[in-house]
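Read through the structure below, which is laid out as structure tokens, and then see the notes.
As a basis for the values below, the full set of heavy atoms in this structure was taken, side chains included, without hydrogen atoms, waters or symmetry mates.
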Amino acid sequence: MGLLTLIVLLPLLGFLVNGLAGNRLGKRFVSVVGCGLPAIAFAVTVKCFLDLRAGGWAPIAETAYVWAMVGQSTFEIAFWFDRLTAVMALIVTGVGTLIHVYSIGYMHEDKSYARYFAYLNLFLFFMLLLVLGKSLLVLFVGWEGVGLASYLLIGFWFGDMEKAAAGKKAFVFNRIGDAGFLLGMFAIYSALGTLDMPAINAAFMGASTPAVSATLVGILLFIGATGKSAQIPLYVWLPDAMAGPTPVSALIHAATMVTAGVYLVARMSGIYLHAPEASTIIAAVGALTALMAATIAIAQDDIKKVLAYSTVSQLGFMFVALGVGAYGVAIFHVTTHAFFKACLFLGAGSVIHAMSGEQDIQKMGGLGRKIPVTFVTFAIATAAIAGIPPLSGFFSKDEILWFALGSERGGSVLLFSVMAFTALLTAFYMFRLLWLTFFGKPRMLKDVEHHIHESPFSMTGVLMVLAFLSAVGGFIAIPHFLEPMLPIPAIGAAMQPLHYWVVGGSIAIAATGLAGAAWFFSGDSARAAAVKARFAGVYRVLSNKYFVDELYDRIVGRPLVWISDAVFLKLGDRLLIDGTLNGLASLAQRAAGRLSRVQTGSLHKYAFLVLVGMVASLVWMWRHG
């Protein structure tokens with residue numbers, strides 16, 4: 001067994017052991033297996049990274065086994081480890097292990113402790129299959145697998161119908177996007193006869209043009225990405241996915257699964273470099289999603305919902321970078337986002353833990369003195385996502401703004417303006433969240449305030465590690481590291497002198513957002529209340545998320561319910577299926593009733609019928625003989 005196969009199988013082993021025997025062997029055993037095997041997978045990933053560097057950065061390929069042979073085509077379960085894979089695998093195993101450790105304290109009292117860790121390990125297995133797969137087929141198996149695991153984890157507390165519905169919603173919306181992904185795979189295979197990703201990129205980058213439109217394939221694959229990475233119009237599942245345990249939100253909806261669409265586009269950059277129309281669509285959708293989600297986040301009071309819409313918005317930033325050809329910059333933001341957003345979600349979990357389950361930030365306040373470790377780590381991550389230098393988010397977000405303005409592959413003043421305004425909103429709503437949660441006078445109930453306490457070290461220790469990574473992660477030169485395989489787009493000559501202005505503007509944006517939040521929400525928040533009252537209509541629209549869920553329910557949900565009820569249930573099930581079965585049963589019953597009249601029990605009638613039969617037989621033989 002090779003090292004790449006081992007990385008993938010270790011979490012799968014954890015899923016099987018804890019899923020089959022965890023309840024009998026106790027929580028300590030579950031914790032050791034559930035956290036230990038992902039930690040070993042991280043160590044093996046580091047070993048593979050060192051081997052990659054020692055080999056002159058030549059990709060490492062490994063075939064586990066031949067899956068199927070169809071005609072002359074062979075489909076293999078094969079793994080591929082290059083610079084891009086290394087970055088993604090280190091994030092998945094590294095941040096994933098930290099979140100597993102955090103879960104020991106957060107989920108310790110849950111009666112389904114073993115099932116939780118089994119699901120978490122299963123998710124990690126599929127996510128590693130996704131990022132290590134050499135072909136689109138293996139990637140798609142992981143892609144569908146993380147969809148299954150997210151369904152199980154979002155609806156983990158399935159006894160609550162609202163949480164179970166959130167899991168189903170995530171599953172359904174992802175299936176819509178996956179239909180586009182499948183069509184894209186079919187188009188590629190019909191034209192090239194392979195699903196091997198290095199071969200696909202080489203074909204589109206070669207001298208001869210493949211017999212398929214790069215734009216068509218690029219758009220189809222991007223449809224899949226809009227589902228998995230929560231972009232317009234398929235973004236609505238992610239905020240509701242906060243119904244799962246908070247560590248699940250950190251792992252799936254901040255650090256790993258939702259970035260799968262970003263990874264897919266970056267991995268298939270050979271297609272998108274020859275599909276400018278598809279790239280323009282990606283940039284436009286990313287910008288609109290980032291702006292829309294940021295405006296919604298301003299008016300949310302649930303601490304996890306604010307972070308959820310922040311995630312949707314930050315994913316929009318990543319897709320803008322992809323759309324203007326800055327693939328390495330997008331992966332850079334994936335990396336820094338994994339650090340600070342995981343820290344924020346886990347920090348929110350620590351707040352919820354201290355507040356005995358309360359999630360409304362309007363009922364918090366003054367927590368900075370009561371849970372200081374959570375406060376300091378949350379503040380660092382907040383400053384990072386807002387773009388305060390020299391924290392990690394400043395570097396990656398500044399790079400995105402720069403290429404949104406100057407890239408020769410689609411940068412423009414309009415795109416830059418939209419993203420700069422969105423960055424301002426990001427700084428504002430994140431510092432609003434920080435201020436209402438940790439500053440000011442306590443606004444919670446007295447019995448809740450009495451029980452507020454800091455989380456155990458298994459949780460705060462992870463927060464400290466993630467806060468440190470959020471602070472220094474920007475100094476990891478990811479775009480430069482990935483440049484040999486993901487070239488950095490050229491900047492227009494007219495834009496070159498503006499670089500320092502963009503950097504200065506980025507700092508000013510973050511500072512303005514901080515100052516605005518402090519001004520509005522300091523003291524008794526009277527200024528914020530006055531603005532809210534004056535623009536009550538706008539606030540209602542934003543707090544209700546533009547009524548998009550209601551719109552989907554009216555134009556899609558209700559018609560489908562009516563069709564299923566009127567057509568499939570009444571016509572199909574009741575009339576066709578039940579009607580056919582009941583009709584056959586009634587026919588048999590009537591026939592039996594008629595035939596039963598023959599069975600009278602009278603010997604004379606039986607003899608008479610036998611005589612009639614004999615006479616009829618003789619007549620028939622005489623006439624035909």
Side-chain angles (χ1 to χ4, degrees), residues 1-48 62 64-65 67 77 79 89-133 138 141-159 167 244-252 255-257 342 346 349 456 458-459 461-462:
M1 181 189 300
L3 291 180
L4 301 184
T5 304
L6 182 62
I7 293 171
V8 174
L9 291 183
L10 281 168
L12 179 62
L13 178 62
F15 162 71
L16 294 174
V17 171
N18 278 334
L20 296 174
N23 282 329
R24 295 194 301 274
L25 297 176
K27 290 184 177 180
R28 179 169 295 184
F29 174 85
V30 170
S31 302
V32 171
V33 172
C35 300
L37 293 178
I40 297 172
F42 173 69
V44 177
T45 304
V46 172
K47 173 65 168 62
C48 291
E62 186 178 297
Y65 62 92
W67 189 358
I77 301 297
F79 303 117
L90 286 169
I91 292 172
V92 172
T93 55
V95 177
T97 298
L98 290 174
I99 295 171
H100 278 67
V101 173
Y102 177 96
S103 296
I104 294 174
Y106 192 86
M107 298 294 292
H108 190 263
E109 301 301 323
D110 197 282
K111 62 181 181 180
S112 299
Y113 189 78
R115 177 167 63 90
Y116 171 81
F117 272 96
Y119 287 170
L120 221 57
N121 283 179
L122 179 66
F123 169 81
L124 218 58
F125 160 69
F126 282 122
M127 192 68 205
L128 288 168
L129 197 66
L130 189 157
V131 300
L132 288 168
V138 177
V141 173
W143 186 278
E144 292 297 291
V146 294
L148 168 64
S150 68
Y151 164 75
L152 295 173
L153 285 165
I154 294 166
F156 180 75
W157 291 311
F158 54 82
T246 302
V248 171
S249 303
L251 178 64
I252 297 180
T256 55
M257 188 188 89
L346 297 184
S458 62
M459 296 167 65
V462 170

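One finds the CD1 atom of I7 at 12.5 Å from the CD1 atom of I40 (value rounded to the nearest 0.5 Å). Interatomic distance, S112 OG to N23 CG, rounded to the nearest 0.5 Å: 7.5 Å. Distance check: H108 NE2 to S103 OG gives 12.5 Å after rounding to the nearest 0.5 Å. Annotation: the span from L16 atom CG to F125 atom CZ amounts to 9.0 Å, rounded to 0.5 Å. One finds the CE atom of M257 at 13.0 Å from the CZ atom of F126 (value rounded to the nearest 0.5 Å). Atom OH of Y113 and atom CZ of R28 lie 10.5 Å apart (nearest 0.5 Å).
The shortest side-chain heavy-atom distance between L128 and T93 falls under the 4.5 Å cut-off. Using a 4.5 Å heavy-atom cutoff, the side chains of P38 and N121 are in contact. When side chains are defined from C-beta on, F156 does not count as touching V248, because their heavy atoms never get closer than 4.5 Å. When side chains are defined from C-beta on, V8 does not count as touching L12, because their heavy atoms never get closer than 4.5 Å.
In terms of heavy-atom proximity, L3 sits nearest to E62 at N-OE1, 3.3 Å. The two atoms that bring L4 and C48 nearest to each other are CD2-SG, 3.8 Å, heavy atoms only. Minimum heavy-atom separation, G167 to Y151: O-CD1, 3.3 Å. Taking each heavy atom of L10 and L37 in turn, the nearest pair found is O-CD1, 3.5 Å. Contact record, S249 with G244: OG-O, 4.4 Å, taken as the closest heavy-atom pair. Across all non-hydrogen atoms, the minimal contact from L124 to P11 is CB-CB, 3.9 Å.
In this structure, a donor-acceptor pair under 3.5 Å is absent between the side chains of Y106 and S458.
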Verify side-chain contact (heavy atoms from CB on, under 4.5 Å) between L122 and L152, making sure each step is shown before the conclusion.
CA-CA 10 Å; L122 179 66; L152 295 173; 4.3 Å; yes
Could you go through the side-chain contact (heavy atoms from CB on, under 4.5 Å) check for D110 and Y116 one step at a time?
CA-CA 9 Å; D110 197 282; Y116 171 81; 5.9 Å; no
Output, in order, the C-alpha distance, side-chain angles, deciding distance and verdict of side-chain contact (heavy atoms from CB on, under 4.5 Å) for V146 and I252.
CA-CA 9 Å; V146 294; I252 297 180; over 6 Å; no
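No option in I99, L98, L346 other than I99 meets the side chain to side chain contact (heavy atoms under 4.5 Å, CB included) test with L251.
No donor-acceptor pair closer than 3.5 Å links the side chain of T45 to the backbone N or O of L90.
The aromatic rings of H100 and F117 are tilted relative to each other, their planes meeting at an angle between 30° and 60°.
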